[in-house]
Amino acid sequence: MNRNVWMCSAIAGLFSLVVNIGMVVTPAFSTEILGALDTQVGVLVATPGILAVLLMIPSTPLSNRFGRRKIMIVSAVANVLAALLYLFADSTMQVFFAQVVFGAANAFFWPSNLTYLAEAAGPGFLEKAQATNTSFQGIGLILGPVLAGSLIRQIGYQGALGLWFITALVNLILSVKLKAVPSQAASVSLSASIRQVFVGIPAMFKNPRLVVAMASQFLSAAFMVSIGGAFLVLFVQDIGYNATLAGLLLSFREVFGTLSRALYPFVRRYVSNLTILSAAPVICGLALLCSFIWPSLPVLLMGVAAAGFSLGILAPAGNIEASRSVSQAKLAETIAVVVSMFQMGAVIFPWTVGLVVGELGRARGLTVASMTVTLMSLWPIFIAIRQGRIERQVSL
């Protein structure tokens, strides 16, 4: 693999570091310092996903026209601005605006980063490049909660927010230094390109393999962002642990997520992509459900580890499915649609889970939410089984 793949992966790792710093800071800072309610926390956690849903798919024509590198630079600038807004926030509304800006950064970043990776790696090294990129993401997701939790305990929230700002600056510098790679040049106007992207989306939903990939991304957001993310942090503190341990649990989850990402090329030899994508949300849901029903430290550790491993391997599996299900001309758009389904889940689930938790209490509410999403996760399994049978019949 070449230097561009490694630098692209390092940039993804830094962005992921910021994501999980925010995962720890947003719920704790909002409740402890600003006095936000659980329903407000759900809205704040969902806000970046709203911007991502609105902007991620339209960002792909911009990426095609101006190049992946330039769009990643725009994202990095927005990331720095979000960090500054958070540093000086003293109200829930100001945190909301910071989350809006970070949502824009998130929307522009992932389609360009993942498409750049595919173009820089080439077809022969795609699986290894995806494993490398998502492993770097996992390292960032591991370090984010550990560093944020430690800095909150030792210095206060300004320490964790300062780390966000420094990381965003480094991310910007690396994005500027990244070498541009050739990308698809748009032959029509920008507005026409955006319309073409949206016109092509219904066809993606007719591809069963892409449907499974999109469904798994959507459902995994429930466990990563809300049930096993922001509300897990609050739940762990409810049962007597401090913010540092809550952050360590998220890091422990990402250790196993990073391990599964790194092992993806090996696992892929024995398990089909469709099986990985369809089974992972169910495994994660059952693991977290056990953690909420029997919340002892050993059960929490095992549940978080199982959730992390199952969620982690979804990233390369989903990216590979998006990359290989369409032509090169539609690569950026397809990746954007698949990734945006995760963002859609990150919008829908935090506030709905917040409503359930607000009504039933955190322990019971998270148990009900875990059971519900796990049952929803059976649907892509049925699609995967049916598609597998069809493909076997065709091959005979």
Indicate, with yes or no, if V80 and V95 share a hydrophobic cluster defined by side-chain heavy-atom contacts under 4.5 Å among Ile, Leu, Val, Met, Phe, Trp and Tyr.
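Result: yes, single cluster for both.
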Are any side-chain N or O atoms of N273 and backbone N or O atoms of A317, one a donor and one an acceptor, separated by less than 3.5 Å?
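Pair found, side chain donor or acceptor close to backbone of A317.
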Is a donor on one side and an acceptor on the other found under 3.5 Å between the side chain of N113 and the backbone of I11?
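Not a single qualifying donor-acceptor pair exists.
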Partners meeting side chain to side chain contact (heavy atoms under 4.5 Å, CB included) with F382 (sequence neighbours left out):
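With neighbours one apart ignored, the set is L378.
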Heavy-atom pair of closest approach, residues [X] and [Y]:
X: A78; Y: V101; value: O-CG1, 3.3 Å
X: P265; Y: A262; value: CD-O, 3.5 Å
X: P316; Y: G312; value: CD-O, 3.3 Å

Value rounded to 0.5 Å, distance of [atom1] in [X] from [atom2] in [Y]:
X: F223; Y: S377; atom1: CZ; atom2: OG; result: 4.5 Å
X: R362; Y: F292; atom1: CZ; atom2: CZ; result: 11.5 Å
X: L14; Y: I139; atom1: CG; atom2: CD1; result: 10.5 Å
X: S112; Y: E119; atom1: OG; atom2: CD; result: 9.5 Å
X: I385; Y: I390; atom1: CD1; atom2: CD1; result: 12.5 Å
X: I313; Y: I276; atom1: CD1; atom2: CD1; result: 4.5 Å

Indicate yes or no: at least one non-hydrogen side-chain atom of [X] is less than 4.5 angstrom from one of [Y].
X: C284; Y: L288; result: yes
X: I239; Y: L300; result: yes
X: V304; Y: F256; result: no
X: L277; Y: R209; result: no

Tell me whether M371 at atom CE has more than 12 heavy atoms from other residues, nucleotides or ligands lying less than 6.0 Å away.
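12 or below, so no.
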Q94 atom CD: more than 12 heavy-atom contacts under 6.0 Å:
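Enclosed.
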Looking only at side-chain N and O atoms, does [Y] offer a donor or acceptor that is under 3.5 Å from a partner on [X]?
X: S272; Y: T275; value: yes
X: S63; Y: R68; value: yes
X: Y264; Y: S135; value: no

Working for side-chain contact (heavy atoms from CB on, under 4.5 Å), residues I227 and L232:
CA-CA 6 Å; I227 296 173; L232 176 66; over 6 Å; no
What residues form a ring pair (Phe, Tyr, Trp, His ring centres under 6.0 Å) with F342, not counting sequence neighbours?
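Residues passing ring pair (Phe, Tyr, Trp, His ring centres under 6.0 Å) with F342: none at all.
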Could you check F136, F108, F109, W164 and say which one makes a ring pair (Phe, Tyr, Trp, His ring centres under 6.0 Å) with F15?
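Among F136, F108, F109, W164, the one that satisfies the ring pair (Phe, Tyr, Trp, His ring centres under 6.0 Å) with F15 is F109.
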